[in-house]
2 protein chains.
Amino acid sequence: MNPGTRTTIDDIAREAGVSKGTVSRVLNGHPTVADRTRARVQAVMARLDYAPDPAARHLSWRTGQTLGLSLDRDDPLLHPYHVLLRRALESQTAPQGVQLVDLRADLTRMARLPSAVLVMHAVEGDPRPAYLRSRGVPCVLIGHQPGEFWVAPEDVGGARLATEHLIRAGHRQLAFLGHGHSQVAQDRERGCRDSAHAAGLDVQAITSDFTVLGGYRAVRRAWENGTRFTGLFAQSDESAAGAVAALEDLGVDVPGQVSVVGFDGLPELPIRQTLTTVAQDIPRIAATALALVQDAIGGQPARGEFIPVQLLPGATVAPPPGGTP
Amino acid sequence: MNPGTRTTIDDIAREAGVSKGTVSRVLNGHPTVADRTRARVQAVMARLDYAPDPAARHLSWRTGQTLGLSLDRDDPLLHPYHVLLRRALESQTAPQGVQLVDLRADLTRMARLPSAVLVMHAVEGDPRPAYLRSRGVPCVLIGHQPGEFWVAPEDVGGARLATEHLIRAGHRQLAFLGHGHSQVAQDRERGCRDSAHAAGLDVQAITSDFTVLGGYRAVRRAWENGTRFTGLFAQSDESAAGAVAALEDLGVDVPGQVSVVGFDGLPELPIRQTLTTVAQDIPRIAATALALVQDAIGGQPARGEFIPVQLLPGATVAPPPGGTP
DNA sequence: ACTGCTGTTGTAACCGGTTACAAGAAAGTC
DNA sequence: GACTTTCTTGTAACCGGTTACAACAGCAGT
């Protein structure tokens with residue numbers, strides 16, 4: 001095949017011995033295609049690695065496809081995790097000509113309906129999925145919820161990995177830096193407590209949001225008030241970074257006196273170089289979300305998927321001062 | 001005109017009494033069009049508010065237009081200002097079918113040349129504009145630099161606004177929270193010093209980066225070391241937020257004892273509700289950058305534009321404790 | 001064998017632009 | 001006045017898909 005010439009619908013048609021129209025019908029899941037024909041065409045498409053040209057489809061459809069992102073508030077727009085997830089989504093939808101649009105939490109005032117919606121930060125009983133269904137817009141949640149299409153990182157499992165990593169290093173005085181409001185925070189705290197209890201240990205809770213400053217102030221205040229621990233698991237990399245900075249300012253050596261583990265594994269954070277953390281596979285979360293959108297459009301039954309996380313050893317974990325008893 | 005039917009190139013052609021081809025030639029600045037005809041066609045396009053369909057052009061061109069964003073490093077990706085500027089650019093280029101692509105600082109290894117490039121954080125003698133010119137790629141800088149196309153906020157003027165606001169409130173002990181590395185930081189410090197000197201005052205410098213934690217630590221350390229001031233101008237909203245938090249933790253009342261002014265005016269920051277700040281018009285910066293890209297493509301002579309900023313009074317400025325002497 | 005119905009496929013027009021080529025008009029040359 | 005040459009414009013094919021409609025095959029009923 002000539003380099004530089006992309007495979008078109010005509011190539012598929014010729015190769016499969018059918019007409020353009022039939023290939024197009026297969027592409028769009030039109031029901032009036034014989035099963036045998038559909039299979040043959042799909043085989044050829046797979047073999048020639050065919051992807052329809054988004055510009056041509058837009059031209060025919062007189063409109064582009066859009067993927068809405070529904071947030072619960074405005075400020076998550078600036079949170080590193082969200083920025084990176086959005087970027088990953090964007091880089092994966094752009095080649096298919098799908099455009100991302102930001103939606104306010106109040107979906108009832110959408111100007112134009114998007115082709116599909118990704119619902120972020122959904123909580124139990126969130127009205128958004130039901131509303132979208134009533135408008136015929138397929139939707140996928142980021143976060144787990146039975147009965148819906150969803151994708152979520154393994155928050156509980158990742159928290160266990162982090163906690164067990166600290167325990168294996170010999171730590172007995174554990175603390176969790178976080179806050180119980182969101183589903184994510186709750187899962188991460190639960191994983192942490194589960195692992196600790198399994199080892200017969202208790203976990204002190206230090207309340208904090210997900211931000212750097214939040215982590216800094218919470219840890220500094222707790223330490224100044226006499227709270228002591230040797231192993232700290234923070235619910236986010238940012239709060240972990242804040243914790244490390246606070247300990248540094250308090251003259252507490254990391255990891256000499258206190259070990260710190262974060263969560264998310266965002267490569268763009270300056271601290272990523274040194275922080276021990278549980279890394280999420282953000283590109284894969286994005287890819288899975290988009291695959292689920294396709295399923296939802298195709299009328300498949302709802303399902304969810306947990307995306308594995310990975311412990312990323314760094315320089316902020318070491319055995320506790322006294323060593324293992 | 002029927003609602004729902006966009007004006008097409010055929011409408012223009014009919015209305016102007018020429019053929020599709022001629023309209024297309026006018027659209028693309030093809031030189032072989034009589035001046036009289038071009039003027040007539042352009043008048044009709046303006047009157048009917050015509051915008052060519054990006055999908056149709058992509059289809060003909062066999063490729064889409066891309067706008068590259070060149071950063072000097074990776075981590076600015078997560079800085080709030082950059083995130084919001086990128087979002088503004090995106091929302092303005094998307095309707096024209098132009099796609100944003102992130103470029104590494106090392107432009108020599110670009111996979112495919114973008115249609116144009118926005119160079120961020122350019123410093124004097126930056127090799128990127130020259131390199132791009134040699135490859136025939138038009139570029140526009142964010143930040144001012146003679147001889148190039150550029151757009152920049154009025155950093156110096158904004159810093160003067162902020163400082164004069166503090167001075168007008170009665171402050172005599174001023175401090176600047178920032179760092180002299182980047183062009184932006186230098187301009188903002190210069191504007192601050194200019195205004196202070198004009199009022200016969202001096203300015204203490206507290207070194208900090210642009211982040212929340214950086215501002216927090218810098219201010220806290222300075223204050224604990226005995227540095228005193230009643231009016232603080234921070235080079236960014238984030239460092240201002242850090243400063244406010246630090247002062248709060250130190251038991252210093254804002255604005256009772258110390259007044260704080262930030263810079264950027266990012267609506268999505270939680271502190272924006274209360275912080276006195278100098279607001280940038282980010283959508284306008286984006287729009288101007290895109291207009292300059294058009295100029296650059298059209299071969300116009302290089303020019304730059306400062307975008308005005310605006311003092312946004314908040315709740316973090318009040319007269320100093322002793323009142324005006 | 002004829003009719004009517006259903007299920008499947010081909011045909012061709014169309015989406016809104018671009019552009020190679022041909023054709024006309026105007027101007028210069030002998 | 002006939003012949004080039006140079007500008008300017010119209011024509012029609014094309015980019016890669018979608019889809020209304022026609023056509024055809026197979027089958028049941030009579």
Side-chain angles (χ1 to χ4, degrees), chain A residues 1-45 48-65 95-99 115 297, chain B residues 1-45 48-65 95-99 115 297:
Chain A
M1 187 185 314
N2 272 347
T5 65
R6 35 177 304 149
T7 59
T8 72
I9 201 173
D10 291 292
D11 300 326
I12 307 298
R14 187 166 359 91
E15 202 75 12
V18 295
S19 70
K20 280 172 71 170
T22 302
V23 177
S24 176
R25 282 182 281 259
V26 170
L27 264 180
N28 298 299
H30 211 279
T32 71
V33 181
D35 291 344
R36 253 175 46 83
T37 313
R38 185 199 324 281
R40 186 153 38 93
V41 171
Q42 279 170 338
V44 174
M45 294 198 308
L48 299 191
D49 193 30
Y50 168 72
D53 182 336
R57 310 187 91 174
H58 288 190
L59 192 54
S60 284
W61 287 336
R62 293 133 167 274
T63 175
Q65 302 224 91
Q96 289 155 27
V98 177
Q99 195 189 321
S115 321
I297 290 175
Chain B
M1 188 186 313
N2 271 346
T5 65
R6 37 177 302 148
T7 59
T8 73
I9 200 174
D10 290 292
D11 300 327
I12 307 297
R14 187 169 356 92
E15 202 75 13
V18 295
S19 71
K20 279 172 72 170
T22 301
V23 177
S24 176
R25 282 182 281 260
V26 170
L27 263 180
N28 298 299
H30 211 280
T32 70
V33 181
D35 291 345
R36 255 176 46 83
T37 313
R38 186 199 324 284
R40 185 153 38 94
V41 171
Q42 279 170 338
V44 174
M45 294 198 308
L48 299 190
D49 194 28
Y50 168 71
D53 183 336
R57 311 186 90 174
H58 287 189
L59 191 54
S60 284
W61 287 336
R62 294 131 169 271
T63 175
Q65 303 224 89
Q96 289 155 27
V98 177
Q99 195 189 322
S115 320
I297 290 174

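Atom CZ of B:R40 and atom C1' of D:dT9 are 11 Å apart (whole Å). If you take NE2 of B:H58 and P of D:dG17, they are 15 Å apart, rounded to a whole angstrom. Put simply, CG on A:N28 is 9 Å from C1' on D:dG17, counting in whole angstrom units. In this structure, B:H30 atom NE2 and D:dG10 atom C1' are separated by 15 Å, rounded to whole Å. One can place CD1 of B:I12 at 12 Å from P of C:dT18, the figure rounded to the nearest angstrom. A:I9 places its CD1 atom 6 Å from the C1' atom of D:dG17, with the value rounded to the nearest Å. Between the CG atom of A:L59 and the P atom of D:dT19 there is a distance of 12 Å, rounded to whole Å. Atom-to-atom, CZ of A:R36 to C1' of C:dT9 comes out at 13 Å; the value is rounded to the nearest Å.
Among the protein residues, A:D10 comes within range of no part of the nucleic acid, since none of its heavy atoms lies under 4.0 Å from any strand. Among the heavy atoms of the strands lying under 4.0 Å from A:V18 are primed sugar atoms or P, OP1, OP2 only; no base atom is included. Nucleic acid contact class of A:S24 (heavy atoms, under 4.0 Å, all strands): base. Base contact: B:S19 has a heavy atom under 4.0 Å from a base atom.
The side chain of B:T8 sits closest to C:dG17 out of D:dT9, C:dG17, D:dG16. Here C:dG16 is the nucleotide among C:dG16, D:dG16, C:dT19 with the atom lying nearest to any side-chain atom of B:A56. Between D:dC15, D:dT18, C:dT18, one nucleotide has an atom nearer to the side chain of B:R62 than all others, and that is D:dC15.
One donor-acceptor pair, N or O on each side, does fall under 3.5 Å between the base of C:dG17 and the side chain of B:S60. Checked by distance alone, A:K20 brings a side-chain donor or acceptor within 3.5 Å of a matching partner on the base of D:dG17.
In this structure, B:A55 and B:T22 both approach DNA chain C, and ranking their closest nucleotides by distance from the 5' end singles out B:A55. Two residues, B:R38 and A:P52, neighbour DNA chain D, and the one matched to the more 5' nucleotide by heavy-atom proximity is B:R38. Comparing B:G17 and B:W61 against DNA chain D, the residue whose closest nucleotide sits nearer the 5' end is B:G17.
Going from atom CZ of A:R38 over to atom NE2 of A:H30 covers 10.5 Å, rounded to the nearest 0.5 Å. Taking CD1 of B:I9 as the reference point, atom CZ of B:R14 lies at 12.0 Å (rounded to 0.5 Å). Between the OG1 atom in A:T7 and the CG atom in A:D53 there is a gap of 10.5 Å [rounded to 0.5 Å]. Considering CD of B:Q42 and CG of B:L27, their distance stands at 9.0 Å, rounded to 0.5 Å. Distance CG/B:N28 to CZ/B:R57: 5.0 Å, rounded to 0.5 Å.
Looking at B:R62, its side chain never comes within 3.5 Å of a backbone N or O of A:R6 through a donor-acceptor pair.
Checking each of B:V44, B:T37, B:I12, B:V33 against B:V18 for a side chain to side chain contact (heavy atoms under 4.5 Å, CB included) leaves exactly one that passes, namely B:T37.
Within the 4.0 Å cut-off from OP1 or OP2 of D:dT18, at least one side-chain nitrogen or oxygen of A:R57 is found.
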Exercise for the section: Output, in order, the C-alpha distance, side-chain angles, deciding distance and verdict of side chain to side chain contact (heavy atoms under 4.5 Å, CB included) for A:V23 and A:K20. Expected result: CA-CA 5 Å; A:V23 177; A:K20 280 172 71 170; 5.8 Å; no
Do any N or O atoms of the protein come closer than 3.5 Å to N or O atoms of nucleotides 6-8 of chain C, and which pairs are they?
none

